[in-house]
Amino acid sequence: MTKMSRARVARRIAAGAAYGGGGVGLVGAAAIGLVLAEVRFVKRHVGNGHAPGSNHVPSADGRYGHVYDTPGEPPLRLTMLGDSTAAGQGVHRAAQTPGALLASGLAAVAERPVELRNVALPGAQSDDLDRQVALALADTSRVPDVCVIMIGANDVTHRMHPTRSVRHLSATVRRLRTAGAEVVVGTCPDLGTVEQVQQPLRWLARRASRQLAAAQTIGTVEQGGRTVSLGDLLGPEFAANPRELFGPDNFHPSAEGYATAAMAVLPTVCAALGLWPAEEDRPDASRREGFLPVARAAAEAASEPGTEVTAAMPTGPRGPWALLKRRKRRRVQEASPIHAPISATARPTESGGGWA
């Protein structure tokens with residue numbers, strides 16, 4: 001599928017989400033029998049979150065960067081929402097979860113403590129975001145400064161209609177932005193990267209993932225959020241080294257995989273809070289950055305992991321426009337003792353849920 005075709009499909013899905021229409025499906029009905037046969041094969045050969053010890057997610061909630069404590073200055077508040085990717089399923093240490101890595105990196109950039117709260121649920125689909133955002137905003141005196149959402153993989157594997165998926169995400173972004181929080185969405189990852197997925201399911205999974213990711217971008221940007229494409233988990237190194245970047249269940253990312261994801265999301269989180277160098281907000285033609293209609297920007301981002309999309313200017317004759325950025329990544333180290341949370345205890349997940 002060309003980027004222009006993907007842009008049209010993404011726009012139709014997003015329009016269906018906004019106006020209640022049916023939109024389009026992710027895969028043709030004629031392919032369903034073959035897909036289901038392939039899915040049964042994959043389930044027999046992939047851990048799907050059920051390797052020994054993989055059904056527990058270490059809790060990384062707490063304060064990071066406490067060496068930056070300043071009397072009278074409150075910490076920045078970071079909240080993670082979404083599925084098992086946001087929760088950090090597949091690793092054994094709190095410091096290895098994406099929330100801990102982002103909180104530690106944000107504290108170092110801001111030179112200010114960061115208070116992390118994670119309300120993500122392994123196995124969650126986008127219709128769980130309503131519950132999660134209620135938790136995130138329950139205390140009106142402690143509204144998050146920034147929320148990071150990672151969602152979508154379970155929507156694809158459970159065949160949630162994409163318009164419904166995007167409708168839930170858009171409503172979540174709108175509620176968080178209305179409350180005063182910045183929002184960064186890591187869009188649906190490329191399920192075609194799971195090593196055991198064979199053709200033609202690999203192609204169908206990749207197509208469905210990218211269609212949903214592009215539509216998520218449109219819905220998020222239109223509500224005032226920013227997106228970062230997770231794609232094939234951020235870079236050719238993931239495809240080249242799947243055994244290194246997948247966890248022991250062969251389904252969720254490893255510590256290295258989560259570090260790669262955090263490294264790509266952190267610049268956008270910092271930019272949303274005004275902490276990234278101002279000169280990097282200007283588009284760089286040498287990196288193929290620029291202003292595009294939001295649907296085209298969404299399609300471009302879905303094809304290139306690590307790409308950021310944010311609203312840029314009011315709606316014009318061709319619809320809303322967005323800024324497409326390919327930010328330079330900074331290395332995110334595993335949280336050091338000075339950035340470790342005050343407390344971290346293991347907590348059980350409520351469901352397995354697959355690559356998400």
Side-chain angles (χ1 to χ4, degrees), residues 57-82 85-88 91-120 132-150 176-186 225-226 228 255 258-281 308 327-347:
V57 179
S59 175
D61 288 7
R63 182 174 294 205
Y64 291 73
H66 50 82
V67 296
Y68 301 118
D69 275 330
T70 301
E73 184 177 30
L76 290 170
R77 298 190 181 97
L78 165 66
T79 298
M80 301 289 296
L81 303 90
T85 306
V91 296
H92 301 289
R93 298 174 55 193
Q96 297 171 329
T97 62
L101 291 164
L102 285 171
S104 180
L106 179 58
V109 173
E111 296 187 345
R112 183 175 168 185
V114 174
E115 185 178 282
L116 172 66
R117 187 183 182 202
N118 198 323
V119 298
Q132 293 183 29
V133 77
L135 292 174
L137 300 179
D139 186 347
T140 56
S141 67
R142 301 173 65 83
V143 173
D145 293 290
V146 60
C147 294
V148 175
I149 305 172
M150 296 179 178
L176 292 171
R177 294 291 292 131
T178 300
E182 297 292 339
V183 180
V184 176
V185 175
R226 301 177 185 230
V228 178
Y258 281 129
T260 302
M263 181 172 62
V265 173
L266 177 62
T268 300
V269 170
C270 293
L273 294 171
L275 299 171
W276 215 239
E279 59 269 19
E280 289 201 16
D281 283 330
E308 173 190 320
R327 293 189 183 275
K328 296 176 182 177
R329 302 184 196 173
R330 304 294 198 267
R331 178 63 186 167
V332 179
Q333 301 296 336
E334 183 177 309
S336 65
I338 63 169
H339 293 142
I342 293 174
S343 63
T345 56
R347 59 184 172 92

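All values derive from a computational prediction rather than experimental measurement.
Applying side-chain contact (heavy atoms from CB on, under 4.5 Å) to V184 and the options T268, L273, I149, L266 leaves one that passes, T268.
Taking each heavy atom of L81 and C147 in turn, the nearest pair found is CD1-CB, 3.7 Å. Between A262 and L101 the shortest heavy-atom distance is CB-CB, 3.8 Å. Residues A87 and T97 share a closest heavy-atom pair of O-CG2, 3.9 Å. Nearest heavy atoms, W276 versus C270: CE3-CB, 3.3 Å. Between A94 and A60 the shortest heavy-atom distance is O-CB, 3.7 Å. In terms of heavy-atom proximity, G88 sits nearest to P98 at CA-CD, 3.7 Å.
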> Does the salt bridge (Lys or Arg N to Asp or Glu O under 4.0 Å) test come out yes or no for E182 and R177, once each step is laid out?
Replying inline: CA-CA 6 Å; E182 297 292 339; R177 294 291 292 131; 3.7 Å; yes
> Run the side chain to side chain contact (heavy atoms under 4.5 Å, CB included) check on V183 and V146 step by step: do they pass?
Replying inline: CA-CA 6 Å; V183 180; V146 60; over 6 Å; no
> Does the pair T85 and Y258 meet the rule for a side chain to side chain contact (heavy atoms under 4.5 Å, CB included), with working shown?
Replying inline: CA-CA 8 Å; T85 306; Y258 281 129; 4.1 Å; yes
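Atoms CG and CG, from L78 and N118 in turn, are 8.5 Å apart once rounded to the nearest 0.5 Å. Atom CG of L102 sits about 5.5 Å away from atom CE of M80, to the nearest 0.5 Å. The CG atom of L176 sits 8.5 Å away from atom OG1 of T79, with the distance rounded to the nearest 0.5 Å. R77 CZ to R63 CZ: the interatomic distance, rounded to the nearest 0.5 Å, is 9.0 Å.
No donor-acceptor pair under 3.5 Å is formed between the side chain of D145 and the backbone N or O of L76. Within the 3.5 Å criterion, the main-chain N or O of Y68 finds a donor-acceptor partner in the side chain of T70. Without hydrogens or angle criteria, R117 side chain to L135 main chain gives a donor-acceptor distance under 3.5 Å. Side-chain atoms of Q96 come within 3.5 Å of backbone N or O of R93 as a donor-acceptor pair.
The residues D69 and R112 are annotated as not salt-bridged, no charged nitrogen and carboxylate oxygen being separated by less than 4.0 angstrom.
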